[in-house]
Amino acid sequence: EEMRSAVKKGDKIVTIGGICGTVVDVKENKIVIESGADQVRIELCKWALSTNDSANERAAEQAKKAREDREKAIAAKRAELAEKKAAKGK
């Protein structure tokens, strides 16, 4: 349900029937997608969405950034502790 309500223009989606396309319009309970090289437009009910590949990519990027930020914070803390230890030893 959350995925269906978060769909937005430009998202690449797959329906439960296997239709792949790009969202070109979002309405209350329906979406319009373009599919295929000839850009056929199809109106679908939101409940027919299976996956939102664009949202999955955004979530993966956010998780990667959060992981990198945590690693940077840990490295900075270790460097700080090493400096304190070195200063204490002198």
Side-chain angles (χ1 to χ4, degrees):
E1 184 61 37
E2 185 177 321
M3 175 206 49
R4 291 180 179 112
S5 61
V7 71
K8 60 184 180 184
K9 231 178 187 181
D11 283 353
K12 298 201 180 310
I13 59 102
V14 179
T15 69
I16 57 175
I19 299 170
C20 302
T22 303
V23 177
V24 293
D25 192 20
V26 179
K27 301 174 183 177
E28 187 175 333
N29 293 317
K30 297 189 181 217
I31 59 168
V32 178
I33 65 167
E34 279 185 351
S35 183
D38 53 357
Q39 297 179 329
V40 172
R41 289 189 176 209
I42 306 167
E43 185 175 59
L44 304 163
C45 293
K46 282 187 178 180
W47 60 260
L49 289 177
S50 176
T51 61
N52 183 337
D53 295 336
S54 298
N56 292 342
E57 289 171 9
R58 284 191 298 270
E61 287 174 16
Q62 288 175 346
K64 181 180 176 184
K65 184 178 179 340
R67 191 171 43 253
E68 289 172 352
D69 290 345
R70 278 193 308 274
E71 289 171 358
K72 285 179 186 177
I74 290 169
K77 187 68 172 173
R78 285 183 179 154
E80 181 184 332
L81 290 173
E83 284 179 21
K84 286 181 181 179
K85 189 175 184 181
K88 216 177 197 185
K90 288 184 176 183

Would you give me the side-chain donor-acceptor pairs under 3.5 Å for residues 16-23, sequence neighbours excluded?
{"unit_1": "T22", "atom_1": "OG1", "unit_2": "K12", "atom_2": "NZ", "d": "3.4"}

Side chains of residues 59-79: which donor-acceptor pairs under 3.5 Å do they make with residues two or more places apart or in other chains?
{"unit_1": "K65", "atom_1": "NZ", "unit_2": "D69", "atom_2": "OD2", "d": "3.2"}

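Distance check, rounded to the nearest 0.5 Å: NZ of K30 to CG of L44 gives 9.0 Å.
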- Message: Quick one, I42 with T15, criterion side-chain contact (heavy atoms from CB on, under 4.5 Å). Give me CA distance, side-chain angles, the key distance, then yes/no.
- Response: CA-CA 11 Å; I42 306 167; T15 69; over 6 Å; no
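A salt bridge (Lys or Arg N to Asp or Glu O under 4.0 Å) check over residues 43-53, counting only residues at least two apart or in different chains, returns the pairs K27-E43. Sorted by first and then second residue, the salt bridge (Lys or Arg N to Asp or Glu O under 4.0 Å) pairs with a member in residues 14-24 form an empty list; sequence neighbours excluded.
Under the rule for a side chain to side chain contact (heavy atoms under 4.5 Å, CB included), the partners of K8 that lie at least two apart in sequence or sit in another chain are D11, R58. Take E57 and apply the side chain to side chain contact (heavy atoms under 4.5 Å, CB included) test, not counting sequence neighbours, and it matches no residue. The side-chain hydrogen bond (donor to acceptor under 3.5 Å, both in side chains) test applied to E83 returns no partner, not counting sequence neighbours. For E28, the salt bridge (charged side-chain N to carboxylate O under 4.0 Å, His left out) criterion is met by no residue, not counting sequence neighbours. For V24, the side chain to side chain contact (heavy atoms under 4.5 Å, CB included) partners two or more places apart in sequence, or in a different chain, are V32, E34, R41.
Residues V40 and V14 fall into different hydrophobic clusters, defined by Ile, Leu, Val, Met, Phe, Trp and Tyr side chains chained together at heavy-atom separations under 4.5 Å.
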